[in-house]
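This report refers to the structure that appears directly beneath it.
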2 protein chains.
Amino acid sequence: MVNRRKPIPLYLQLKEEILEKIKKEKWTIDSQIPTEKELMESYNVGRATVREAVSILVNEGYIYKKKGIGTFVARKNPTYGFEPLISLTYSLKARGIRAYNKVVEKDKIHIDQLLLDKLKWTSTKECYYLKRLRYVENTPIAIEHSYFDETFKKIDKEYDLTTSLAKIIIEDLNVNIDRVEQVIVPRKPKDMEKLELNLEDDKLILDLERWIYINNNPEPFYYLKFVIPSDIYNYPF
Amino acid sequence: MVNRRKPIPLYLQLKEEILEKIKKEKWTIDSQIPTEKELMESYNVGRATVREAVSILVNEGYIYKKKGIGTFVARKNPTYGFEPLISLTYSLKARGIRAYNKVVEKDKIHIDQLLLDKLKWTSTKECYYLKRLRYVENTPIAIEHSYFDETFKKIDKEYDLTTSLAKIIIEDLNVNIDRVEQVIVPRKPKDMEKLELNLEDDKLILDLERWIYINNNPEPFYYLKFVIPSDIYNYPF
DNA sequence: AAGTGGTCTAGACCACAAC
DNA sequence: TTGTGGTCTAGACCACTTT
C-alpha cells in the first residue's frame, strides 16, 4: 500500500507496487494491468500520480500501452542499458525518440581486394550495398553504409528498409547470431560527410564499424559502417 | 507561437518552440531558460503542458534542471544514442534510471600468456584488476571485469570507483581515445555467474569485451569484460 | 455506446537553493 | 523570505478501439 506519511513521493511508491506485482507474476506477461481509473481508486491517488508511475515503468521497458485499449505487462526482468549494442532504432525508441531512416543508395556491387579486407571475407561473392541516412527530428544523426552477402535478397524483397535492420535480423530472419565485432575510431569528416550531417567546421566524427557473424559461418554476413557526429566527448553526466 | 487549432498537441508545439530558440542560440548553452511560470504566461498554457514539453527536452539531452534554481540549456545539437556505446551509466541515466556499482575485488595481478593475449599486450607490465557488480533497482544487471595498465594507480587514488569509469576516462583523465574495439559473443553462464546475476536456468548470457586505446599507444590501456544476461532475442521492438 | 489512454487546465502545497 | 522546480488533486474534453 502507498503511504502519504512516508517521505517517498506517491508516484514512486505506486511504481514499486506495480513493479512488485509484475515481478511476483501477479500480473503476467502480455496480460492487461488495471486501468488508470482502477489504479486511482485502488490506491486513492490522482490520475497524474498514476500516469507518472506508469510512464516510468513504460520507460524502463516493463510495461507498454495500447491507445484506446489499456496497459500491458511487457517483461518481468529489466534489459537495461545494452540496447544500443544491438540497435540504434531501439535505443532511441527506449528514450521516446522517433527515428527516421532514408534509403539513399541500394546496389549490387563489385568487390575489390580493399573491400574484401574490410568485409573480412576470404573470397569474392555476391555483395549488396545499402546506404541510409538516419534522422531524428529532421536532423541527420548518422550515415550508414551496409554490406550484405546474398542474404540481402530476402531482406530487400520482403522487408521495409526504412525500419530497423537489427529488428529484421533478430526477429524475422531466424538466424543465430554467433558474434558481433565492433570498432570505433574518431576522425575528421570528409567534405561530403560535413554536408550530409550538417556539421560545423571543427567537429570530429566517429567511424563505427560492425561485423555480424551468424549460423556458424566463419565469415560475417553483414558489415556495417556508421559515420556519426562526435559530441561524445562532452556529454552531460 | 503555439496554436490550439492545429492537430498537434500543445506540449509538442511548445517543445519545438523551445528547441528552436536553443538551435538559433536565442538561448545559449548553460544560460537559464524562462521559468515554468514564465513559459505558462508567454504561451498561455497550463503548467502540465510546460512540464511535458520541458521533460521531453531534458530526456533528449538538450536542457537540464537544477532543483530550486531553474532550467538551463545543455546543448545545441543532439547527441542521440551513441554515448551508451561507451558508458553504461550514461545510457541508464538517459532513461532516468539510477545505477549502483559495487566493487567486489581490486588487485594488482600477475599476467600469464593467456591474459596477455586477451589484453592485446605484447609485453608484460603492471596490471590492475577491478571487478564490479552493476545494479539497477537492486537487481544485478552485469558483472564487470576491468584490467588496467599503470594508469589505474591515478584512477584508484583520485576517483570513486563506484561511479562511471567511462566518465573518468573521458572527462577527467585528459586522454585522447584513439580507438575502441568490442566483441560480443553469446554463451552459457557458469554456475558462479548464474548465482551472481540471479539467472534462471536456461538463460544465455553475453560476453562483451572491450579494448580502449589512448594517446597513440599501439596497445590498449584498458580491457573490459561485461557478463550480461541476454534478453536479446525477445526485445520488444 | 462505452471504455481506454492522451491532452489540458487551475489550483494547491512542498522541498530546495539563494539572498 | 522569495522563487524555483517537484508533487499532487479534481476535473474536463479528446481520439482511439472494441462491442
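Sequence lines set the chain letters: A, B, ... in the order given, protein chains first and strands last, and positions in each chain run from 1. What's counted below: heavy atoms across the whole structure, side chains too, no hydrogens, waters or symmetry copies. Owing to the predicted nature of the structure, the values given are computational and were not obtained by experimental measurement.
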Listed nucleotide nearest any side-chain atom of Val45(A), set dT9(D), dC8(C), dG5(C): dT9(D)

From the options dT9(C), dC8(D), dG5(D), select the nucleotide whose nearest atom is closest to the side chain of Leu10(B). dT9(C)

Just the rounded figure in Å: distance from C1' of dC16(D) to CD of Glu36(A). 14 Å

Starting from the 5' end of DNA chain D, give me the residue, Gly68(A) or Pro9(A), whose nearest nucleotide shows up first. Pro9(A)

To the nearest angstrom, how far is Lys66(A) atom NZ from dC16(D) atom C1'? 14 Å

Is it the case that the side chain of Thr28(B) and the backbone of Ser31(B) share a donor-acceptor pair, with hydrogens and angles ignored and the cut-off at 3.5 Å? no

Integer-rounded Å distance: dG6(C) C1' and Ile8(B) CD1: 15 Å

Between Asp207(A) and Ile184(A) (side chain of the first, backbone of the second, donor and acceptor by atom type, cut-off under 3.5 Å), is there such a pair? no

Check the phosphate of dT9(D) against Thr49(A), side-chain N and O only, distance under 4.0 Å to OP1 or OP2. Yes or no? yes

In whole angstroms, the gap separating P of dA12(D) from CE of Met40(A) amounts to 12 Å

Taking atom C1' of dT4(C) as reference, at what distance in whole Å does atom CD of Glu38(A) sit? 10 Å

Look at the side-chain N and O atoms of Lys67(B) and state whether any lies under 4.0 Å from the OP1 or OP2 oxygen of dA15(C). no

Start with the C-alpha gap between Phe148(A) and Ile155(A), add the side-chain angles, then the distance that decides, and say whether side-chain contact (heavy atoms from CB on, under 4.5 Å) holds. CA-CA 10 Å; Phe148(A) 287 91; Ile155(A) 297 175; 3.7 Å; yes

Strictly below 4.0 Å: does Lys37(A) bring a side-chain N or O up to OP1 or OP2 of dT4(C)? no

Just N and O in the side chain of Arg4(A): are any of them under 4.0 Å from OP1 or OP2 of dT9(D)? yes

Where the side chain of Arg47(A) is defined as all heavy atoms beyond and including C-beta, which of dA12(D), dA12(C), dC8(C) is the nearest nucleotide? dA12(D)

Please report the distance, rounded to the nearest Å, between CG in Leu39(B) and P in dT9(C). 13 Å

So, does Thr71(B) get its side chain near the phosphate of dG5(D), meaning an N or O under 4.0 Å from OP1 or OP2? yes

How is Gly46(B) classified with respect to the nucleic acid when contacts are heavy atoms under 4.0 Å: base, sugar-phosphate, or nothing? sugar-phosphate

Can you tell me how far CE of Met40(B) sits from CZ of Arg51(B), rounded to the nearest 0.5 angstrom? 11.0 Å

Regarding Lys102(B) and the six-membered ring of Tyr135(B), is the cationic atom NZ or CZ under 6.0 Å from the ring centre and inside 45° of its axis? no

Less than 3.5 Å between a donor and an acceptor, one on the side chain of Arg51(A) and one on the base of dT7(C), is that the case here? no

Give the rounded distance in Å between these two atoms: CD1 of Ile69(A) and C1' of dT19(D). 13 Å

What is the distance, to the nearest angstrom, from the OH atom on Tyr64(A) to the P atom on dG5(C)? 13 Å

